[in-house]
J.: 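This is the structure, below, for whatever I ask next.
Hydrogens, waters and symmetry mates are skipped; everything else that's a heavy atom, side chains included, is used. In listed order, ligands and their atoms are each counted from 1.
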Amino acid sequence: MPEPSNTIDHDKCIRCSRCVAICPVGHLDLIADKIQPVDDPVKSCILCGHCMSVCPTQAIETGDFNYEEFIDLPDTLPTLADFELLLKARRSTRRFTEKPVEKKDIEKILEITSTAPMGVPPSSVEIIVFNGKEKIQALYPSFHKGFKMWIGGLSSPVFKPLMGLMMGKYNMHQMETEIIPLAKLILEGAIRGVDNLTYGAPAMLLFHSSKYAVSYRENCLIATTFAMIAVEGLGLGSCVVGMIPPVIERDKKLREQLGIPKDNEVIECLILGHARSTFNRTIPRKFKSVNWVN
Ligand SMILES: Cc1cc2nc3c(=O)[nH]c(=O)nc-3n(C[C@H](O)[C@H](O)[C@H](O)COP(=O)(O)O)c2cc1C
Ligand code: SF4
Ligand code: SF4
């Protein structure tokens, strides 16, 4: 028998059934006037913590969760109006001041980021924190080597078809139209002492995850998005750098150096720091299409 995921204090339980109603997998039920886990493997607890979040008397506990780490929510939460301007004001920051990011700010960003949804709890996301420009730029020789290999591969009549076969037509199209021109811009900038990769950012977060986890890519991408919003809320600036994960992904030595497990994929990279430029107005953005089904 697996260890039960839940304990219910029947003296504290007022049988309100809120936990039963909220449980996403139907793991709980009121049986013989007692809240009890259902003995059905299809309805196994996914350790989401929802039952503990709704229980009025703190009668139910699940997994490793501890009520002391739950924060009581006020009756009124911030509205979209409070949040909207923060989202609309967010821009990708590509000019940073020399001011370092304080460790407490990074810790706050990680705390907020850890609240991001994930395919199935617990989160599969792992984060490597670089705090200090020199720590980021120490990786540049490896990054540049990777970019040169892509450029070399694509200009080689022997390797290009092989790359096409390995990558598939969509990735190959992205490589030719977006990634290679950007790689060239980065390498040319480096010769002139212009940083077109991490733009002199003083901090960087690298998001990776075990490929065995459900929705592992999405978990990392949503966590990155939460991190961007947290960064913005702290009055700092950030930019996703999509050029970095694939180059780390294919560099065995660098992966080892960074302690990235063999079964993990590096999904996203976020640079952050104090923005040098400020924006005066929002930028209108539109989705390519939105179709309403009538
Ligand atoms: C997945 C992803 C990858 C990105 N990669 C890069 C990158 O490698 N370098 C860069 O300067 N900006 C990168 N960006 C930032 C985008 O260029 C930027 O979000 C876009 O131009 C819109 O600008 P905004 O973020 O200010 O609205 C990336 C953004 C996303 C979402
Ligand atoms: S933690 Fe989630 S899945 Fe498990 S019993 Fe509670 S509500 Fe159900
Ligand atoms: S939410 Fe709490 S008090 Fe209500 S039935 Fe479930 S365990 Fe009992």
J.: Considering heavy atoms of the protein only, find what lies nearest to atom 25 (O) of ligand 1 and give residue, atom and distance to 0.1 Å.
T.: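 Minimum-distance protein heavy atom for atom 25 (O) of ligand 1 reads Ser92 OG, 2.6 Å.
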J.: Within ligand 1, which atoms have a heavy atom of Arg91 less than 4.0 Å away?
T.: 24 (P), 26 (O), 27 (O)
J.: Can you name the atoms of ligand 2, numbered from 1 with element, that are less than 4.0 Å from a heavy atom of Val25?
T.: 3 (S)
J.: Counting non-hydrogen protein atoms only, what is the nearest one to atom 9 (N) of ligand 1? Give residue, atom name and distance.
T.: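 Of every protein heavy atom, Tyr199 OH, 3.8 Å lies nearest to atom 9 (N) of ligand 1.
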J.: Which residue and non-hydrogen atom of the protein lie closest to atom 13 (C) of ligand 1, and at what distance in Å?
T.: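 Ranking protein heavy atoms by distance from atom 13 (C) of ligand 1, first comes Val240 O, 3.0 Å.
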J.: Is it true that atom CG of Leu77 has more than 12 heavy atoms of other residues, nucleotides or ligands lying nearer than 6.0 Å?
T.: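 Yes - once you tally the heavy atoms of other residues, nucleotides and ligands closer than 6.0 Å, there are more than 12.
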J.: How close does the nearest protein non-hydrogen atom get to atom 4 (Fe) of ligand 3, and which residue and atom is it?
T.: Cys16 SG, 2.3 Å
J.: Is a salt bridge present between Arg255 and Glu249, judged by a nitrogen-to-oxygen distance below 4.0 Å?
T.: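 Yes.
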J.: How far is atom 12 (N) of ligand 1 from its nearest protein heavy atom, and which residue and atom name does that atom have?
T.: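 The answer is Arg94 NH2, 3.1 Å.
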J.: Can you pull out the closest protein heavy atom to atom 2 (Fe) of ligand 3? Residue, atom name and distance to 0.1 Å, please.
T.: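 Looking only at protein heavy atoms, the one closest to atom 2 (Fe) of ligand 3 is Cys55 SG, 2.3 Å.
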J.: Show me which atoms of ligand 1 lie under 4.0 Å from any heavy atom of Val241.
T.: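 Near Val241, meaning under 4.0 Å from one of its heavy atoms, ligand 1 has 5 (N), 6 (C), 7 (C), 8 (O).
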J.: Can you tell which part of Lys12 has a heavy atom less than 4.0 Å from ligand 3: side chain, backbone, both or neither?
T.: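 Neither; no heavy atom under 4.0 Å.
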J.: Does any N, O or S atom in Cys13 come within less than 2.8 Å of atom 8 (Fe) of ligand 3?
T.: yes
J.: Counting only heavy atoms, tell me which of Ser238, Gly242, Pro245, Ala183 gets closest to atom 8 (O) of ligand 1.
T.: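 Residue with the shortest heavy-atom distance to the ligand atom: Gly242.
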J.: Is Lys104 salt-bridged to Glu107, cutoff N-O under 4.0 Å?
T.: no
J.: For ligand 3, is any non-hydrogen atom under 4.0 Å from Ile14's backbone (N, CA, C, O), its side chain (CB onward), both, or neither?
T.: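 Both the backbone and the side chain of Ile14 come within reach of ligand 3.
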J.: Short list, please: which atoms of ligand 3 are under 4.0 Å from a heavy atom of Ile35?
T.: 5 (S)
J.: Any ion pair linking Glu176 and Lys160 (charged N to carboxylate O, less than 4.0 Å)?
T.: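 Yes, Lys160 and Glu176 are salt-bridged.
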J.: So if I count the atoms of ligand 3 from 1 in the order they appear, which ones are less than 4.0 Å from some heavy atom of Ser17?
T.: 4 (Fe), 5 (S)
J.: Check atom 6 (Fe) of ligand 2 and write out every protein N, O or S atom at under 2.8 Å, as residue and atom.
T.: Cys51 SG
J.: Considering only non-hydrogen protein atoms, determine which one is nearest to atom 1 (C) of ligand 1 and report residue, atom name and distance to 0.1 Å.
T.: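 Looking at atom 1 (C) of ligand 1, the protein heavy atom closest to it is Glu268 OE2, 3.6 Å.
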J.: Give the atom numbers and elements of ligand 3 that come within less than 4.0 Å of a heavy atom of Thr57.
T.: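 Those of ligand 3 that fall under 4.0 Å from Thr57 are 3 (S).
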J.: Could you find the nearest protein heavy atom to atom 22 (C) of ligand 1 and give me its residue, atom name and distance?
T.: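 Closest protein heavy atom to atom 22 (C) of ligand 1: Arg285 NH2, 3.4 Å.
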